[in-house]
Enquirer: 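Please find one structure pasted underneath; my questions will follow.
Within every chain, numbering begins at 1; the chains are lettered A, B, ... in the order of the sequence lines, protein sequences first and strands thereafter. Worth knowing before you read on, the calculation uses all heavy atoms, side chains too, and leaves out hydrogens, waters and symmetry mates.
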Amino acid sequence: MKIEGEALLLRIFIGESDRWKGKPLYEAIVRKAREEGLAGATVLRGLEGFGASSRIHTAKILRLSEDLPIVVELVDREDRIRRILPMLDEMVTEGLITLENVHVVTYRHQSAST
Amino acid sequence: MLKLFALAIAGALGTLARYGLSGFVHRQSRGLFPYGTLVVNLLGCVVIGWVMFLVQEHQAFRPETRVVIVVGFLGGFTTFSAFAYETTELLRGGALLPALLNVLGNVVLGVTGVWLGAVVGRTSGL
């Protein structure tokens, strides 16, 4: 697969405790993105944050360290990103989803040596 | 065996009480100072001062009961490891004064709390 030039960056801000059908939501999103043939997904763990509830979650205080922020980033062509959006809308019952235009400079992988 | 079971239950109750109270404290407070841990530790110190006053001066509890309350419940209710972790995080973030205040709060006020618990016991006649 090759993507280059104009693409969309989809960012999904959720919590590490969020679940989808018994599995961590971030894991379910990555699986879904892979199933749908997207170019890639990356899960990033946040150290601190707050969301719609204005409740701070931080690793600095143990009692507040539950449900630390997670960001899932996906970059792909617009049609693929737009195709996955309704699925994410169903899966992400609490959180934030954003879309940005990006320009892909490099997307490559090393093929396995024979 | 019964004592161990009672200890386990008391420890669980103390832990749940800490979870609830520290969560309540953090919901009421602003900023990222570890008030929750401070409050449970100070309250635990006052209670241990009071209980041990009753034990030492009035033999108020049987040894098994004392162990369940002090080691079990208060052992689960208070936490040194969270205090140490949160102080370390303050230091790592460069918050030197809050870290110092946290140490002074937990240690100095904690010791004061033990004394205060005994004073409460002595003056209230409870």
Side-chain angles (χ1 to χ4, degrees), chain A residues 9-30 41-74 88-100 102, chain B residues 11-44 74-107 109-110:
Chain A
L9 164 62
L10 177 67
R11 274 206 188 101
I12 307 156
F13 297 81
I14 53 177
E16 65 178 347
S17 302
D18 293 343
R19 288 281 184 274
W20 173 254
K21 296 186 177 173
K23 281 199 165 64
L25 176 58
Y26 64 82
E27 195 178 301
I29 291 173
V30 170
T42 300
V43 180
L44 307 166
R45 186 183 291 281
L47 299 175
E48 191 168 304
F50 70 93
S53 65
S54 286
R55 194 176 299 172
I56 289 256
H57 302 273
T58 173
K60 293 180 183 173
I61 294 180
L62 284 179
R63 183 58 181 82
L64 302 179
S65 66
E66 295 170 63
D67 206 22
L68 290 177
I70 294 275
V71 181
V72 184
E73 294 196 343
L74 302 102
L88 293 176
D89 191 49
E90 187 193 349
M91 294 168 81
V92 181
T93 55
E94 191 178 353
L96 172 68
I97 300 177
T98 64
L99 266 182
E100 296 165 54
V102 294
Chain B
L13 289 173
T15 301
L16 292 173
R18 166 160 51 97
Y19 186 81
L21 179 57
S22 62
F24 172 78
V25 168
H26 278 295
R27 281 193 296 276
Q28 311 310 314
S29 62
R30 293 191 163 274
L32 291 179
F33 188 83
Y35 290 111
T37 301
L38 181 62
V39 165
V40 297
N41 282 345
L42 293 186
L43 188 55
L74 291 179
F77 186 68
T78 58
T79 171
F80 189 80
S81 55
F83 151 68
Y85 172 78
E86 289 160 358
T87 304
T88 304
E89 286 299 302
L90 287 170
L91 289 171
R92 276 161 48 114
L96 299 182
L97 182 59
L100 180 63
L101 289 174
N102 197 37
V103 171
L104 290 175
N106 276 273
V107 176
L109 293 184

Enquirer: Pick one of side chain, backbone, both or neither for A:I61, based on which atoms fall under 4.5 Å of a heavy atom in chain B.
Expert: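 Both parts, backbone and side chain.
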Enquirer: Can you tell me how far the OG atom of B:S81 sits from the CG atom of A:L62, to the nearest 0.5 Å?
Expert: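 If we round to the nearest 0.5 Å, B:S81:OG and A:L62:CG are 7.0 Å apart.
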Enquirer: At what distance, to the nearest 0.5 angstrom, does CZ of A:R63 lie from CZ of B:R18?
Expert: 10.0 Å
Enquirer: Take atom CD of A:E94 as the centre, draw a 6.0 Å sphere, and report whether it contains more than 12 heavy atoms from other residues, nucleotides or ligands.
Expert: no
Enquirer: Atom CZ of residue position A:R19 - does it have more than 12 heavy atoms of other residues, nucleotides or ligands inside 6.0 Å?
Expert: yes
Enquirer: Given side chains that start at C-beta, do those of A:E48 and B:L32 come closer than 4.5 Å, heavy atoms only?
Expert: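 Heavy-atom side-chain distance check passes, below 4.5 Å.
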Enquirer: Is it the backbone or the side chain of B:F33 that comes under 4.5 Å from a heavy atom of chain A, or both, or neither?
Expert: backbone
